[in-house]
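The structure appears below as structure tokens.
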2 protein chains.
Amino acid sequence: MAVTIKDVAKEAGVVHTTVSRALSGSPLISLETTERIRRIAAEMGYRPSVAARSLKTNRSQVLGVIVSNINDPYFSNVVQGIENLAQESGYSLFIAASQRDPARELSIVQTMMEHRVDGVIICSSSFSAKQGRNFTDYGVPIVVINNQAAEEYRYSIYHDDLDGSRQVTRHLIELGHRRIGYLGYTPSGRTNLDRLTGFRYEMEAAGLTVDPACVHELTDDGAFGGLTGLEHFLQLAERPTALVCYNDMLAIGVIRGLQQAGIRVPQEISVAGFDNITFSAFTNPPLTTFDQPKHFIGAEATRLLLGLLSKTPTAETHGLENVRILKGKLLVRESTAAPSTSS
Amino acid sequence: MAVTIKDVAKEAGVVHTTVSRALSGSPLISLETTERIRRIAAEMGYRPSVAARSLKTNRSQVLGVIVSNINDPYFSNVVQGIENLAQESGYSLFIAASQRDPARELSIVQTMMEHRVDGVIICSSSFSAKQGRNFTDYGVPIVVINNQAAEEYRYSIYHDDLDGSRQVTRHLIELGHRRIGYLGYTPSGRTNLDRLTGFRYEMEAAGLTVDPACVHELTDDGAFGGLTGLEHFLQLAERPTALVCYNDMLAIGVIRGLQQAGIRVPQEISVAGFDNITFSAFTNPPLTTFDQPKHFIGAEATRLLLGLLSKTPTAETHGLENVRILKGKLLVRESTAAPSTSS
DNA sequence: CTCCGTTTAGCACACGTGTGCGCTTAAGCA
DNA sequence: TGCTTAAGCGCACACGTGTGCTAAACGGAG
């Protein structure tokens with residue numbers, strides 16, 4: 001079908017071996033022959049078959065990327081970071097969405113194994129560690145991003161959610177809020193836990209108590225989750241004057257819900273998000289949030305993975321940081337303000 | 001490294017061909033042998049090498065997906081539709097972002113050719129037709145989604161932008177608007193042109209003239225583009241009372257800009273978007289837009305491509321629709337209303 | 001008991017590429 | 001001229017899988 005190395009060889013009047021060496025720049029072939037063969041190969045539009053090559057070399061030049069959901073502004077930012085670096089380095093990307101469905105996770109792992117991906121980046125907080133083990137058992141290196149099963153994996157990139165959540169909470173406290181609520185999302189596991197812990201930590205540090213009724217957790221992320229989550233807080237006899245949300249999508253839903261209820265943000269209630277997705281700069285009012293370096297996280301994960309690949313499997317991976325924790329920064333916009341004095 | 005078909009054969013005490021036939025369910029092998037071999041293969045955790053297989057069969061079980069930008073809510077919706085169907089059908093996805101950069105487009109095409117993808121879905125309005133020809137020249141089928149170079153490709157899925165834009169415009173006219181502006185995005189080519197044409201068509205049908213100053217086009221999409229685009233309209237001596245935006249992202253930027261300028265939406269000016277991305281239900285006010293069936297578009301493109309693959313290349317592709325035009329529906333929310341009587 | 005048909009499994013080769021090793025040719029030197 | 005050496009290139013094989021053809025085993029019929 002396509003033009004092979006043998007076709008090029010025939011055209012150049014040499015054997016395919018010589019072509020192979022010429023294209024890879026082997027010193028065994030004279031410079032002029034190399035030049036000539038390369039020219040002919042280019043003219044014929046020769047493209048090596050990765051399939052055949054990977055059969056010999058055991059390298060597919062493909063990285064697997066597993067996300068929960070492609071259609072999520074947070075992940076697509078991270079994936080873009082991965083893609084940029086991978087493409088520069090000559091790697092292609094298999095992207096698959098697990099949808100947090102175990103059957104689908106299994107299917108993804110099997111397919112990626114069959115394709116002999118060189119490495120995997122798991123960018124899904126809830127991906128089962130058992131499935132991950134399938135990769136490592138076969139010598140396929142894995143880097144995880146913000147995964148809940150921290151200890152199960154050797155190489156990982158994390159965002160310092162605890163620190164971030166503390167900064168957000170402290171910001172609200174410094175504005176004068178005393179009764180602050182937290183709206184969480186349990187399926188993300190550790191990530192949610194860290195953010196909740198940061199919230200609690202800072203509240204206690206300020207000598208404030210956290211009313212159990214002021215911590216509400218959902219199993220639905222996304223803006224619609226924010227709408228339903230808000231109802232809980234509105235029903236409270238004593239409403240909080242500020243809300244810390246697990247992520248921006250929830251916060252966006254909360255703000256929308258408050259507007260529908262005729263409650264002004266931030267005059268009557270302050271709302272803070274987390275992640276800084278593109279849209280959070282365009283809500284009304286613009287959302288105060290914590291800017292997570294999403295693109296950079298993706299790039300760092302890729303860099304770590306490529307580093308693992310360049311070493312021989314047996315060599316000591318000394319010098320590579322196995323776990324990196326990245327920090328973001330607080331982004332104060334207009335959805336947070338001092339509480340009204342009347343309360 | 002991994003367990004091969006020969007390892008299984010040795011374990012089962014047969015030759016590798018027998019294993020190959022047993023796994024593919026060939027009638028040449030007795031039922032009991034087949035069962036036994038399958039059990040052993042499963043126990044050993046055997047996973048066939050797609051690389052080796054595709055060498056023989058010339059099928060890689062991989063589809064290439066090319067988008068302009070992964071980090072775009074419109075595309076990620078479409079890609080999710082593609083991914084769902086592809087995974088069901090046992091295909092994996094190579095996803096690459098062109099970033100509207102010709103050098104990067106070339107690199108993507110070459111890489112995908114090297115991996116011998118079975119088919120390609122181009123979901124980037126501006127992808128160069130010259131690059132596309134590279135695929136078809138080598139017999140790799142292509143399906144394009146909303147591409148600007150309609151005629152260059154044989155198989156394509158389109159959204160009826162002309163119809164959609166007419167519906168949006170008519171909606172505004174019926175509300176009583178007479179002076180309506182259009183904010184476009186030229187790099188998307190045909191898509192933008194269709195939406196502009198639909199706008200003009202409906203204006204003329206209502207006997208309204210389109211002031212050239214009321215048509216403004218950008219080379220930057222995204223919400224920030226909306227902010228800068230709005231400035232043009234605010235500087236006009238006679239401002240339009242309604243704005244039709246090329247997409248939701250622009251509209252979101254426009255709404256934000258209007259709020260910053262202290263102009264009320266929709267009381268003083270109505271704003272409409274296009275695409276119905278998730279976020280447009282959560283702007284303030286919620287955005288009137290045209291709901292494009294993004295997920296379905298992706299699924300249809302995949303279905304078309306899989307259909308092409310199931311036929312032999314020489315067979316007549318009779319019965320397959322080469323071009324499908326899908327329709328969406330108008331979604332009236334709260335960012336549009338009758339113009340104030342004072343104007 | 002032999003012959004033939006049927007079922008089952010093995011042999012050999014091919015796909016496109018990379019690599020160790022050996023062969024040919026020319027040049028250098030005595 | 002004959003020998004050594006190096007340069008340049010080809011031969012053969014391997015990677016893991018699929019397929020056409022062939023060989024063996026078995027059973028039934030004459």
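Only this structure's heavy atoms are used, side chains among them; waters, hydrogens and symmetry mates stay out. The chains referred to below are lettered A, B, ... by the order of the sequence lines, with proteins before strands, and numbering in each begins at 1.
B:Arg36 and B:Glu32 are not joined by a salt bridge, as no carboxylate oxygen comes within less than 4.0 angstrom of a charged side-chain nitrogen. Using a 4.0 Å cut-off between charged nitrogen and carboxylate oxygen, B:Glu300 and B:Arg303 count as a salt-bridge pair.
Checked against C:dA12, C:dT17, D:dC9, the side chain of A:His16 finds its nearest nucleotide in C:dT17. Closest contact between the side chain of A:Val15 and the listed nucleotides C:dG10, D:dC11, C:dT17 involves D:dC11.
If you check every strand for non-hydrogen atoms under 4.0 Å, A:Thr4 touches sugar and phosphate atoms only.
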Going through the checks in order, is the side-chain contact (heavy atoms from CB on, under 4.5 Å) test met by B:Leu309 and B:Arg59? CA-CA 10 Å; B:Leu309 293 177; B:Arg59 314 209 89 196; 3.5 Å; yes
Show, in sequence, the C-alpha distance, side-chain angles and deciding distance for A:Tyr74 and A:Asp221, and conclude whether the side-chain hydrogen bond (donor to acceptor under 3.5 Å, both in side chains) test is met. CA-CA 12 Å; A:Tyr74 173 78; A:Asp221 66 346; over 6 Å; no
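Taking the six-membered ring for Trp and thresholds of 30 and 60 degrees, A:Phe94 and B:Phe94 have ring planes inclined between 30 and 60 degrees apart.
Between the base of C:dG10 and the side chain of B:Arg21 there is a donor-acceptor pair shorter than 3.5 Å.
With rounding to whole Å, B:Asn58 atom CG is found 13 Å from D:dT17 atom C1'. Between the CD atom of B:Gln61 and the C1' atom of D:dG18 there is a distance of 15 Å, rounded to whole Å. When the C1' atom of C:dG16 is taken as reference, atom CE of B:Met113 falls 15 Å away, rounded to whole Å.
For residues 111-134 of chain B, the pairs satisfying salt bridge (Lys or Arg N to Asp or Glu O under 4.0 Å) are A:Arg47-B:Glu114, B:Arg133-B:Glu152, with sequence neighbours left out.
Taking a 4.0 Å limit (strictly below) on heavy-atom distances, residues 38-57 of chain B reaches DNA chain C at B:Leu55, B:Lys56. Applying a 4.0 Å cut-off to non-hydrogen atoms, the residues of residues 23-36 of chain A that approach DNA chain D are A:Leu28, A:Ile29, A:Ser30, A:Thr33, listed by residue number.
A close approach under 4.0 Å does occur between a side-chain nitrogen or oxygen of A:Ser20 and OP1 or OP2 of C:dG18. The shortest distance between the side-chain N/O atoms of B:Thr18 and the OP1/OP2 oxygens of C:dG10 is below 4.0 Å.
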